[in-house]
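Have a look at the structure below, then the notes.
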Amino acid sequence: MEYKAPLGVKIEENGVIPGAKKLVRRLSDLKGYFQDEEAYEKLLRENPVVYEVYAVEQEEKDGDLNFATTVLYPGKVGKEFFFTKGHFHSKADRAEIYYAIKGRGGMLLQTPEGKAEWVPMEPGTVVYVPPYWAHRTVNTGDEPFIFLAIYPADAGHDYGSIKEKGFAKLVVEENGEVKVVDNPKWKE
Ligand SMILES: O=C(CO)[C@@H](O)[C@H](O)[C@H](O)COP(=O)(O)O
Ligand SMILES: [Fe+2]
């Protein structure tokens with residue numbers, strides 16, 4: 001039997017995992033995701049980085065685990081706070097654990113039938129993402145929102161239906177307050 005080597009790695013203050021695979025998502029990678037298309041086009045001139053992911057991933061095998069930090073930058077498109085694309089897992093029954101490290105935000109979760117839930121997150125919050133729920137994180141603060149995700153190595157990402165339909169709820173700023181409101185464009 002060949003055994004894999006154990007690994008201990010320290011997450012840096014800024015959320016970087018040394019040696020991890022880095023993925024960068026700019027605003028241009030999120031075309032069609034935000035409600036306010038005019039605000040999107042305007043901000044696209046600067047094309048800011050919306051988030052970075054630092055992932056330590058294994059072969060897609062049952063029983064193994066991946067982990068990744070996400071650094072989700074503060075910002076808004078119109079009233080809507082910056083968020084990650086959001087996805088179901090390709091193996092839809094694979095669950096996940098998130099652990100918030102820095103900053104402020106939360107997670108939108110949604111069943112395949114479109115039942116949406118909002119879970120606020122601050123440093124120290126653990127979120128359990130049950131099997132079958134799509135999930136998207138949102139930065140509602142004014143500093144980077146940094147969290148760790150731990151997920152089965154064979155979970156995979158299925159972005160299609162969220163890209164097409166979005167979430168039934170939006171997280172917006174209204175009169176200086178964070179509000180979770182119904183998505184007017186949502187169709188069952
Ligand atoms: O949920 C997971 C892995 O299953 C996270 O590591 C996200 O992949 C990351 O926060 C970026 O979000 P997405 O762009 O993948 O939605
Ligand atoms: Fe996930």
Side-chain angles (χ1 to χ4, degrees), residues 9 11-12 14-17 19-34 40 47-75 77 80-112 116-123 125-141 144-171:
V9 65
I11 299 169
E12 293 175 0
N14 57 5
V16 172
I17 302 177
K21 192 182 76 188
K22 179 180 181 180
L23 178 88
V24 180
R25 295 274 185 233
R26 288 187 175 270
L27 192 67
S28 53
D29 299 310
L30 292 163
K31 190 170 171 56
Y33 278 83
F34 291 94
Y40 177 86
N47 198 14
V49 173
V50 179
Y51 58 103
E52 291 155 0
V53 181
Y54 298 87
V56 177
E57 293 188 330
Q58 311 296 329
E59 263 178 275
E60 287 193 16
K61 278 190 183 152
D62 180 16
D64 213 342
L65 293 172
N66 292 339
F67 63 96
T69 51
T70 301
V71 180
L72 176 52
Y73 289 97
V77 175
E80 225 177 338
F81 290 105
F82 276 9
F83 53 58
T84 56
K85 286 185 169 185
H87 58 272
F88 288 94
H89 290 149
S90 307
K91 286 202 171 148
D93 66 349
R94 296 310 195 244
E96 182 161 4
I97 294 289
Y98 277 60
Y99 178 72
I101 298 171
K102 249 190 185 169
R104 230 148 252 282
M107 188 188 288
L108 273 177
L109 296 100
Q110 182 161 297
T111 65
E117 298 266 345
W118 169 247
V119 180
M121 294 167 73
E122 60 179 27
T125 304
V126 177
V127 182
Y128 166 58
V129 180
Y132 302 106
W133 287 76
H135 41 288
R136 159 182 290 166
T137 42
V138 184
N139 186 342
T140 57
F145 176 37
I146 302 173
F147 52 85
L148 174 71
I150 303 166
Y151 47 105
D154 64 350
H157 294 84
D158 172 5
Y159 291 103
S161 89
I162 295 299
K163 182 176 167 49
E164 216 178 282
K165 297 178 68 178
F167 278 78
K169 291 193 186 293
L170 309 176
V171 186

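We count ligands from 1, going down the list as the structure has it; atoms in each ligand are counted the same way.
- Taking 2.8 Å as the criterion, His157 does not count as a coordinating residue of the Fe ion (ligand 2), since none of its N, O or S atoms falls below it.
- Nearest N/O/S atom of Glu96 relative to the Fe ion (ligand 2): this is OE1.
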Where do Glu52 and Lys22 land on the side-chain contact (heavy atoms from CB on, under 4.5 Å) test, with the steps shown first? CA-CA 7 Å; Glu52 291 155 0; Lys22 179 180 181 180; 4.2 Å; yes

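- The option from Phe147, Phe83, Tyr98, Tyr151 that lies nearest to atom 5 (C) of ligand 1, judged by heavy atoms, is Tyr98.
- With ligand atoms numbered from 1 in the order given, ligand 1 contributes 6 (O) to contacts under 4.0 Å with heavy atoms of Ala149.
- There is a side-chain donor-acceptor pair under 3.5 Å between Ser28 and Asn47.
- Ring to ring, Phe83 and Phe34 are close: their centroids are under 6.0 angstrom apart.
- Near Thr84, meaning under 4.0 Å from one of its heavy atoms, ligand 1 places the atoms 12 (O).
- Paired with Phe145 under the rule side-chain contact (heavy atoms from CB on, under 4.5 Å), one option of Thr84, Thr70, Asn139, Thr140 passes, and it is Asn139.
- Proximity to Glu96 (heavy-atom distance under 4.0 Å) selects the following atoms of ligand 1: 1 (O), 2 (C), 3 (C), 4 (O), 5 (C).
- Nearest N/O/S atom of His135 with respect to the Fe ion (ligand 2) is recorded as NE2.
- Side-chain polar atoms of Tyr159 and Glu164 form no donor-acceptor pair below 3.5 angstrom.
- Taking 4.0 Å as the cut-off between side-chain N and carboxylate O, Asp154 and Lys91 count as a salt-bridged pair.
- With a 4.0 Å cut-off on non-hydrogen atoms, Arg136 does not touch ligand 1 at all.
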